[in-house]
Number of protein chains: 2
Amino acid sequence: MCPPICFEAQFVTFLRQGAICMTSETNLLSLLERQLPSLNKSESKVAQAILQNPENATRSSIASLATLAGVSEPSVNRFCKKFGATGFPDFKLRLARSLASGVRYVSRAVEFSDDINTFPRKLFDNAISALMTAREDLPLAAIERAVDHIAQARRVFFFGLGTSAAVARDAEHKFFRFNVPVSTHEDPMMLRMLSASGGVGDVFFFISHTGRTRVLVEAAELARQTEATVVSLTHEDSPLAAQSHCCINVDVEEDTDQYMPMTSRLVQLVILDVLASGVTLRRGESFTPYLARIKDSLKDTRFPTS
Amino acid sequence: MCPPICFEAQFVTFLRQGAICMTSETNLLSLLERQLPSLNKSESKVAQAILQNPENATRSSIASLATLAGVSEPSVNRFCKKFGATGFPDFKLRLARSLASGVRYVSRAVEFSDDINTFPRKLFDNAISALMTAREDLPLAAIERAVDHIAQARRVFFFGLGTSAAVARDAEHKFFRFNVPVSTHEDPMMLRMLSASGGVGDVFFFISHTGRTRVLVEAAELARQTEATVVSLTHEDSPLAAQSHCCINVDVEEDTDQYMPMTSRLVQLVILDVLASGVTLRRGESFTPYLARIKDSLKDTRFPTS
DNA sequence: CCTCTTTTCGGAAATTAATTACGTAATAAA
DNA sequence: TTTATTACGTAATTAATTTCCGAAAAGAGG
């Protein structure tokens, strides 16, 4: 057995030989793409073969992949080790995981060269990846405090502008069920006046992707000067967050589509679902008949199921 | 080589022997859990060993897993085949995929016993899984036709009620950018009157989870009697779909949360993103400065980034 | 309770796959 | 041109998986 120092030396050698470091979270596919230019001949053959049909690569043996790439089996093996795997099977496993995470490209903008077969998938990929990222790092403490505030609220106001107005509207459709007066407003004058009118037990819930919209920040300032509680669903490092008693951080990597917000609002919506569920749980099991009654009230508005 | 009939006979035999059918999308972990009671002694040992630490199972060889489960290697192999894999490595791959999808349980409702550490994750899991399911089966043809209609439209009306009203509002915020008059309405009277007022080039876009809301279906009928085009984003087998020239099927497995719609609207939103992107692509690259101008118009409403 | 049938399961061989060792060719450096 | 280094493949080795077959256990019928 080697003493520890020996292992270390081996590891240094290993790095020298060009091992490619990868955090466990990085997507293997995109790593391959990025590294492609820096690989040597046979390695890049292997990389191309894999990228060309990654799904297939996870199913093949080292022999068939080697044939496909036009290299020898040891080359494939070396390739795998270079990318941090212990060997070929391990590499396949990592690859499968990357594929299954479903999001082939970490986050890719739609391009004008895309066609119907590519861009819808990209958009779904982006949406999924945004939710997965958010899931990994949920601000549970803030969520819990927000639930506390809402569950005890006398009134709740949801304020959002632009895309966030739709989110606020959605929130209104959820939270009215809790026996608390809920409203949404978009008129800046109303925002200011309502904010200034806040009192104990009022919750002003601000929704904003940037957290920098003047109208909202100023309304939050006004609300802050009252006895009311200011909750925000926005980016942590923003003027709006600074004005909040409780900020639920939504730090979605900037939307890849340049011209329309896409993914951030999805995360906001799911977090609002979380809050609504949190309040429901707080209300306790005895509350469900009430929710059921609300739901049933819609029965007669629909055509019966055949 | 066997003639086809032989294969078929083999397949029947295979099923007789208790092969467990699994669509490619079902989560392997939950399948294992479900089937656990119906397995025989050694099989259930294997299943338990896997469920107890699935992550570890993907990393072990058939030998170590067999030892861990206290059975022989062939038993593990038979187990794998029973679950549709071609063998142990293939099974590991499927398992890895299931794990990586991150959504351990296909779709689980929040329960009153849940706490802050479990229910937010469940909701995110459900949302992600809904989007992943939808992504696998995108109605591309319908999407393409809808994009055609919208891209050529003279006017577009987005009609949705309840939760779908928020979705419609979101759509409005996207589609106004295309130089086409867009509006959203919730008043049933307005819906009827507007629908009846349709003409060539008008697109009536109905959004509904159930596709059975009377008000919407009736409005669609009225619109259908005009020269206008009726597009719907709803369930394929619904009265609303029946009234549509073009129905984009959203077939999200019924929301697990009993009292509030959760996941279906997310899919609807992303599909609307897809449509908006589709129209943008149709408009061509020369259109982007225009989009940029719209975006820039908001600059002065925000506090500058520090 | 016994016998026969069916199913379950593991041992060992056979097969297949992956890895290592080593040598040659190619490339870069001296 | 020589030497050192890296890149790559053949062949040998090792490991892992699968198949085959028989023994044991569990049920079915008498």
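As the structure is a computational prediction, the values presented were derived from the model and not from experiment. Note that these values count all heavy atoms, side chains included, but never hydrogens, waters or copies made by symmetry. Reminder, nothing fancy here: chain letters follow the sequence lines and each chain counts from 1.
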Check: Could you walk me through whether A:Asp125 and A:Arg121 pass the salt bridge (Lys or Arg N to Asp or Glu O under 4.0 Å) check?
Finding: CA-CA 6 Å; A:Asp125 283 355; A:Arg121 184 166 279 267; 5.2 Å; no
Notebook entry, point to check: Could you walk me through whether B:Phe79 and B:Phe88 pass the ring pair (Phe, Tyr, Trp, His ring centres under 6.0 Å) check?
Noted result: CA-CA 9 Å; B:Phe79 177 88; B:Phe88 181 72; 9.8 Å; no
Next item on the list: Please assess B:Ser75 against B:Ser72 for the test side-chain hydrogen bond (donor to acceptor under 3.5 Å, both in side chains), listing each intermediate value before the final yes or no.
Entry: CA-CA 5 Å; B:Ser75 292; B:Ser72 70; 3.2 Å; yes
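A:Thr67 and A:Ser64 form no side-chain donor-acceptor contact under 3.5 Å, judged by distance and modelled atom types alone.
Of the charged side-chain nitrogens involved, none lies within less than 4.0 Å of a carboxylate oxygen, so that B:Asp237 and B:Arg212 do not count as a salt-bridged pair.
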N/O to N/O distances under 3.5 Å, protein versus nucleotides 11-21 of chain C:
residue, atom, partner, partner atom, Å
C:dA18, OP2, A:Ile62, N, 2.5
C:dT19, OP1, A:Phe88, N, 3.4
C:dT19, OP2, A:Asn77, ND2, 2.2
C:dT19, OP2, A:Phe88, N, 3.0
C:dT19, O5', A:Asn77, ND2, 3.2
C:dT20, OP2, A:Lys81, NZ, 2.4

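Rounded to whole angstrom, the span from the CD atom of A:Glu43 across to the C1' atom of D:dG9 amounts to 14 Å. Across the protein-nucleic acid pair, A:Leu65 atom CG and D:dG9 atom P stand 13 Å apart, rounded to whole Å. A:Lys82 has its NZ atom 11 Å from the C1' atom of D:dT6, to the nearest Å. Here C:dA25 presents its C1' atom at 10 Å from NZ of A:Lys41, a figure rounded to the nearest Å.
Taking only side-chain nitrogens and oxygens, A:Ser75 never comes nearer than 4.0 Å to OP1 or OP2 of D:dC8. In this structure, A:Asn40 does not reach the D:dT6 phosphate: none of its side-chain N or O atoms is under 4.0 Å from OP1 or OP2.
Among pairs with a residue in residues 53-66 of chain B, those fulfilling salt bridge (charged side-chain N to carboxylate O under 4.0 Å, His left out) read A:Arg97-B:Glu55, B:Glu55-B:Arg59, at least two apart in sequence or across chains.
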